[in-house]
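Data block below; observations after.
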Amino acid sequence: MSGAIDLIIYSIATMLGIAAIGMVVFWFIEDVTQKKHSVLRNFPVIGRLRYIFERQGKYFRQYFFANDRDELPFNRATRGWIYKNAKNKGSLVGFGSTNDLRQPGSVIFVNAAFPIQEEDQLPTPSLNIGKGYCEQPFEAKSIINISGMSYGAISKPAVRALSLGAAQAGCWLNTGEGGLSPYHLEGACDLIMQIGTAKYGIRDEHGNFSPLRAKELSKVVKAFEIKLSQGAKPGKGGLLPANKVHSEIAAIRGISENENSISPNRHKDINNIDELLDKIHFIRELTGRPVGIKTAIGGWNFINELCDSINRRGLEYAPDFLTIDGGEGGSGAAPQTLMDHVSLPISEALPRVVDALLQSGLRNRIYIVAAGKLVTSAEGAWALCAGADFINTARGFMFSLGCIQAMRCHLNTCPTGVTTHDERLQNGLVVEEKYLRVANYARNVNKEINMIAHSCGLHHARQFKREHVRIVETAGKSVALNILYPYPEVLKETNLG
């Protein structure tokens with residue numbers, strides 16, 4: 001009996017060996033005869049390792065070779081901090097920080113000698129967006145909120161978990177430019193309807209803006225956001241690859257199934273600032289809801305001209321909020337050249353926009369939402385110091401859903417089910433578990449932003465000023481943000497009514 005088993009094992013091993021040798025010979029012949037790759041012609045078979053390592057290198061680096069604070073776009077320390085807060089495990093560490101405060105750009109908050117005692121701490125006040133200028137202003141309670149990610153760019157269970165988590169945490173959820181899906185409504189959270197350049201979900205059969213659809217949406221959304229551009233790809237419209245455009249997404253967007261969903265690079269019915277202000281005023285009057293703008297910043301002409309036009313035409317034409325996206329943005333697919341080199345980082349764009357509003361007397365009329373790689377409480381507190389009223393993040397909440405930074409968002413092969421429409425992979429994202437992590441992350445970021453404020457001697461986070469944070473310029477030397485970006489002379493100030 002044992003002899004028969006040995007014969008079977010020997011036979012199988014022989015066949016496997018012959019198959020392996022045959023495969024090596026096949027690869028050898030294929031490599032030396034092909035003309036596309038020099039490495040393979042000169043080093044047949046073994047040269048294939050080079051392409052394997054090239055494809056897999058980024059995955060090995062993030063776990064085995066990169067230091068905790070070295071990796072981009074988000075390092076292991078940042079991801080670990082988000083994971084712990086999403087799981088409500090706290091963010092305590094021991095023996096010291098791995099954050100090198102000598103690095104230029106590092107943020108240092110100015111702690112008070114006598115911080116606010118617990119009994120004197122106050123809850124962060126909510127803000128009423130559009131108060132005095134629309135029929136149904138929006139009371140926004142949370143400092144941190146969910147930035148625009150469309151159903152299509154992210155999966156059905158991801159949208160469901162975000163909606164349920166946002167409702168529990170009291171933050172808003174931006175629909176992204178893909179339109180309003182039933183899954184956005186599932187949690188009954190505060191929704192902001194984004195109007196992208198293709199006007200998905202808010203257009204008629206000809207692809208034009210539909211006033212009728214806008215009025216219908218105003219019954220379930222809290223505000224509208226006209227997206228001019230985003231930090232990941234300024235000057236280029238959104239792109240959803242054909243393999244992610246299934247029948248339901250196509251129906252919501254009003255496009256053909258299994259075809260690339262490519263948005264125009266700008267709104268065809270908005271050609272200048274006056275037409276933009278007209279559109280804001282029209283949608284606000286039509287729907288009774290606040291209307292804002294989302295844009296990346298490349299220079300100061302746009303924001304200065306916007307402020308001048310508002311003061312010339314009247315405050316009723318002003319956007320109720322401005323979402324400023326930094327060039328660090330990047331939750332969706334985008335050309336690398338635009339992602340790497342176009343539009344200012346949020347660290348420069350945000351203070352400059354605030355300055356323009358202060359100089360023109362519009363700071364109290366227009367609320368500011370900061371976006372662009374702001375995923376931690378420290379980054380959120382910095383943005384408040386620089387003048388923001390709210391923080392938007394997409395990738396922070398993607399991490400809370402379980403994202404592992406596989407960087408396969410555009411390939412429909414996301415291993416955690418966040419950005420794929422493969423039902424097998426979506427099964428890994430259990431909504432009943434992940435929505436709690438979304439809520440935990442939002443609550444803990446808000447909590448820690450307030451913790452920093454109390455350390456700085458403030459009663460709550462909305463009291464942050466530029467003088468409460470310092471920026472490292474060279475090793476061993478930092479400068480206060482109010483020195484780096486001095487407050488401009490305020491000519492006049494408007495009120496919210």
Legend entry - Arg470 side chain vs Phe109 backbone, donor-acceptor pair below 3.5 Å: no
Legend entry - Minimum heavy-atom distance between Ile303 and Ala356, given as atom pair plus value: CG1-CB, 3.7 Å
Legend entry - From Ile108 atom CD1 to Ile471 atom CD1, the distance as rounded to the nearest 0.5 Å: 8.5 Å
Inset, instruction - Could you tell me which non-hydrogen atom of Glu448 sits nearest to which non-hydrogen atom of Ser377, and how far apart they are? - result: OE1-OG, 2.9 Å
Legend entry - Lys/Arg N to Asp/Glu carboxylate O, Asp389 vs Arg363, below 4.0 Å: yes
Legend entry - Donor-acceptor pair, side chain of Asn392 and main chain of Ala370, under 3.5 angstrom: no
Inset, instruction - May I ask you to check if Arg437 and Tyr83 form a cation-pi contact, with NZ or CZ under 6.0 angstrom from the six-membered ring centre and within 45° of the axis? - result: no
Legend entry - Minimum heavy-atom distance between Ala378 and Ile452, given as atom pair plus value: CA-CD1, 3.9 Å
Legend entry - Side-chain donor or acceptor of Lys373 paired with backbone N/O of Pro73 under 3.5 Å: yes
Inset, instruction - Pick out which of Val369, Ile324, Leu322 makes a side chain to side chain contact (heavy atoms under 4.5 Å, CB included) with Ile293. - result: Leu322
Inset, instruction - For residues 441-467, pull every pair meeting ring pair (Phe, Tyr, Trp, His ring centres under 6.0 Å), keeping only residues two or more places apart or in separate chains. - result: Phe397-Tyr441
Legend entry - Lys244 side chain vs Ala153 backbone, donor-acceptor pair below 3.5 Å: yes
Legend entry - Check: Met451 main-chain N/O paired with Ser455 side-chain donor or acceptor under 3.5 Å: no
Inset, instruction - Check Ala461 against Ile449 and note the closest heavy-atom contact, atom names and distance. - result: CB-CG2, 3.6 Å
Legend entry - Distance-only polar pair, side chains of Asn412 and Thr420, donor-acceptor under 3.5 Å: yes
Inset, instruction - For Asn440 and Leu436, indicate whether the former's side chain and the latter's backbone hold a donor-acceptor pair under 3.5 Å. - result: yes
Inset, instruction - Drop me the distance from Leu217's CG to Thr287's OG1, to the nearest 0.5 angstrom. - result: 9.5 Å
Inset, instruction - Ignoring hydrogens and angles, tell me if any N or O in the side chain of Ser163 forms a donor-acceptor pair with the backbone of His184 under 3.5 Å. - result: yes
Legend entry - Shortest non-hydrogen separation from Trp382 to Ser347 and the atoms involved: CH2-CA, 3.5 Å
Legend entry - Neighbour count above 12 (heavy atom, 6.0 Å) for Glu423 CD: no
Inset, instruction - Identify, with sequence neighbours excluded, every residue that meets side-chain hydrogen bond (donor to acceptor under 3.5 Å, both in side chains) alongside Gln463. - result: none
Inset, instruction - Verify the distance criterion only: is there a donor paired with an acceptor across the side chains of Asn450 and Thr124 at less than 3.5 Å? - result: yes
Inset, instruction - Indicate whether the side chain of Glu225 and that of Asn174 have a donor and an acceptor atom separated by less than 3.5 Å. - result: yes
Legend entry - Glu473 and Ser478 side chains, donor-acceptor separation under 3.5 Å: no
Inset, instruction - Using a strict cut-off of less than 4.0 Å between a Lys/Arg side-chain nitrogen and an Asp/Glu carboxylate oxygen, indicate whether Arg284 and Asp320 qualify as a salt bridge. - result: yes
Legend entry - Under 3.5 Å side-chain donor-acceptor pair for Glu379 and Thr376: yes
Legend entry - Main-chain N/O of Thr295 paired to Asp325 side chain as donor or acceptor, under 3.5 Å: no
Inset, instruction - Examine distances only and state if a side-chain atom of Thr393 and a backbone atom of Ile146 form a donor-acceptor pair shorter than 3.5 Å. - result: no
Inset, instruction - Determine, for Glu186 against Arg160, whether the closest basic-nitrogen to carboxylate-oxygen distance falls under 4.0 angstrom. - result: yes
Legend entry - side chain to side chain contact (heavy atoms under 4.5 Å, CB included), paired with Val431, selected from Val438, Leu401, Leu164: Leu164
Legend entry - Pairwise side-chain contact, Cys171 with Asp190, heavy-atom cut-off 4.5 Å (strictly under): no
Legend entry - More than 12 heavy atoms from other groups under 6.0 Å of NZ on Lys465: no
Inset, instruction - Would you kindly say whether Glu139 and Ser126 are connected by a side-chain donor-acceptor distance under 3.5 Å? - result: yes
Legend entry - Minimum side-chain heavy-atom gap Leu344-Arg352 below 4.5 Å: no
Inset, instruction - Measure across Gln426 and Lys156 and return the closest heavy-atom pair with its distance rounded to 0.1 Å. - result: NE2-N, 4.2 Å
Legend entry - Under 3.5 Å donor-acceptor, Arg253 side chain and Gly201 backbone: no
Legend entry - Student check: side-chain heavy atoms of Ile249 and Tyr151 closer than 4.5 Å: yes
Legend entry - Donor-acceptor pair between Glu248 and Tyr183 side chains, under 3.5 angstrom: yes
Legend entry - Test applied, side chain to side chain contact (heavy atoms under 4.5 Å, CB included); reference residue, Pro319; option that passes from Ile310, Val291, Ile226: Ile310
Legend entry - Stacked cation flag Arg289 on Phe138, 6.0 angstrom / 45 deg: no
